[in-house]
Amino acid sequence: MHDFLFKKGELYCEDVPIRAIAQKVGTPFYVYSHHTIVDHFTKIQKAFAQIDPIICFAMKSNSNLAVLKTLVDLGAGFDIVSVGELKKALLVKADPKKIVFASVGKTEEEIATAMKAGILFFNVESLPELAEINRIAKRLRKKPKVAIRVNPDVSAVTHEKITTGTLRKKFGIDLKTTRGIFKNRRKYPNLEFSGLHIHIGSQIVTKEPFINAIQKLIEFIERLRHDGTQLEYLDIGGGLGIIYKDEKPQTAQDFANAVLPYLEKAGLKVVLEPGRFIVGNAGIFVTRVLYLKDNGLKKFLIVDGGMNDLIRPALYDAYHEIVPVKETKALRKKMDVVGPICESGDFFAHDRELPVLKKGDLLAIMSAGAYGYVMSSNYNIRGRVPEIFVKGNQFEISKPRESFKDLIRGERIPTFLN
Ligand code: LLP
């Protein structure tokens, strides 16, 4: 479900024509739908209602303040990976007791700041990190909760670059080492060992990888119980896939039906970390046609957005549906949709059949709400594009377009060159 639909021949976000936004803010831009976000969050909440989990939105997927505020108002917490994300979460008044912090490379400053903020727990990804958190806790006279992020060594059928749960990847701690940590917990007197965490990958459309991982985890928890360890939390990460093209992903309810029996058996408080499922289809990227070029062999539709704005096609060969914002009966031809960046990887689609559009026409790149704006850069000295937020028939610029002044803020020529 999403709220980007055609009405009277043109694309709308809820009750706002995309054309009206383009007129006001220029192109390119991202636009997010309040209603889609609410709908997706609520679907997860309802599907898991019987165990009342803490739903920590993975804000690495989209950290726009309007998106975060919408989710906080629905009772969401956050899965964070940096002090920057922590600060944004606190800015929208997230409850620190609903914030979990994962990342293989947390710095001393990040750990201390999160500890002072009183987050729910740290998801610990290595032995030296555990020692570091223990040391900082002693210095700050705190006793923070930690969950060990285990690497269950299961493969998830997804893109190689977004698989995380196998031992060939940098994430988490293997089961043997984890068992040792619990046995030697006295070595870390300033920590409260309260949970286990897994996150096996992203854009996973079937239930089996989740079941495999959770099953492994439950067996492991049994072994820990046998060793005398009682846990409080089980954080099963994110990873639910969405529809980009013709995927038939599990629904939130399918997912819940598959994993609830295991989770209920474990009897621990469950934390979920969905990102893409909530925001992926709640946002689109809108760009404008600059030129149509035909070199005899291929046609290129050159648009004003580039890989610096939306890098998923370049980085993962990701498929995003592309639709003209105004329906047209123009002849359809195969073409590459490309941006202005000086890289061959700067494309949104290869050999895609699209109507032959003309200069100034608007195109929507769909399902761009997750890992879109957040992965954008200033490559080729291009300002980040604005983020627009829609609710019903209202829209506002949530984050303005970056100006040249923004781009060179603080930059200067060293005195010794003058
Ligand atoms: N929890 C942890 C610890 C994670 O590392 C991630 C995503 C999530 C939760 C949320 O996963 P989701 O529900 O969104 O699948 N840039 C890539 C995706 C990278 C995912 C990183 N971790 C892409 O554009 O496909």
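All ligand and atom numbering here is 1-based and tracks the order in the structure. Everything quoted here is computed from the prediction, not taken from an experiment.
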Return yes if a side-chain donor-acceptor contact under 3.5 Å exists between S398 and E387, otherwise no. no
What I want to check is whether the side chains of T251 and D254 have a donor and an acceptor closer together than 3.5 Å. yes
Contacting atoms of ligand 1, where contact means under 4.0 angstrom from a heavy atom of [X]:
X: A58; answer: 8 (C), 9 (C), 10 (C)
X: G275; answer: 12 (P), 13 (O), 14 (O)
X: S202; answer: 11 (O), 12 (P), 14 (O), 15 (O), 20 (C)
X: P274; answer: 13 (O)
X: E273; answer: 1 (N), 2 (C), 3 (C), 8 (C), 9 (C), 10 (C), 13 (O)
X: D79; answer: 1 (N), 2 (C), 9 (C)

Are K145 and Y233 in a cation-pi contact, defined as NZ or CZ under 6.0 Å from the six-membered ring centre and within 45° of the axis? no
Does the structure place the NZ or CZ of R384 under 6.0 Å from the centre of the six-membered ring of Y30, at an angle of no more than 45° from the ring's axis? no
Indicate yes or no for a side-chain donor-acceptor contact from H2 to the backbone of A282 under 3.5 Å, with no hydrogens or angles considered. no
Can you check whether Y316 has an N/O within less than 3.5 Å of an N/O in ligand 1? yes
Validation row, ring centre F285 to ring centre Y373 under 6.0 Å: no
Rounding to 0.5 Å, atoms CZ (F6) and CD (E327) come to a distance of 5.0 Å
My understanding is that we take every heavy atom of each candidate and find the minimum distance to atom 21 (C) of ligand 1. Doing that for E125, K60, R276, which one comes out nearest? K60
Heavy atoms only: which of R312, M59, H199, M375 lies closest to atom 2 (C) of ligand 1? H199
Please confirm whether F277 comes under 4.0 Å of ligand 1, counting heavy atoms of the residue only. no
If we only consider heavy atoms of G239, is any one of them less than 4.0 Å away from an atom in ligand 1? yes
Going by the angle between their ring planes, with limits at 30° and 60°, are F277 and H40 parallel, tilted or perpendicular? tilted
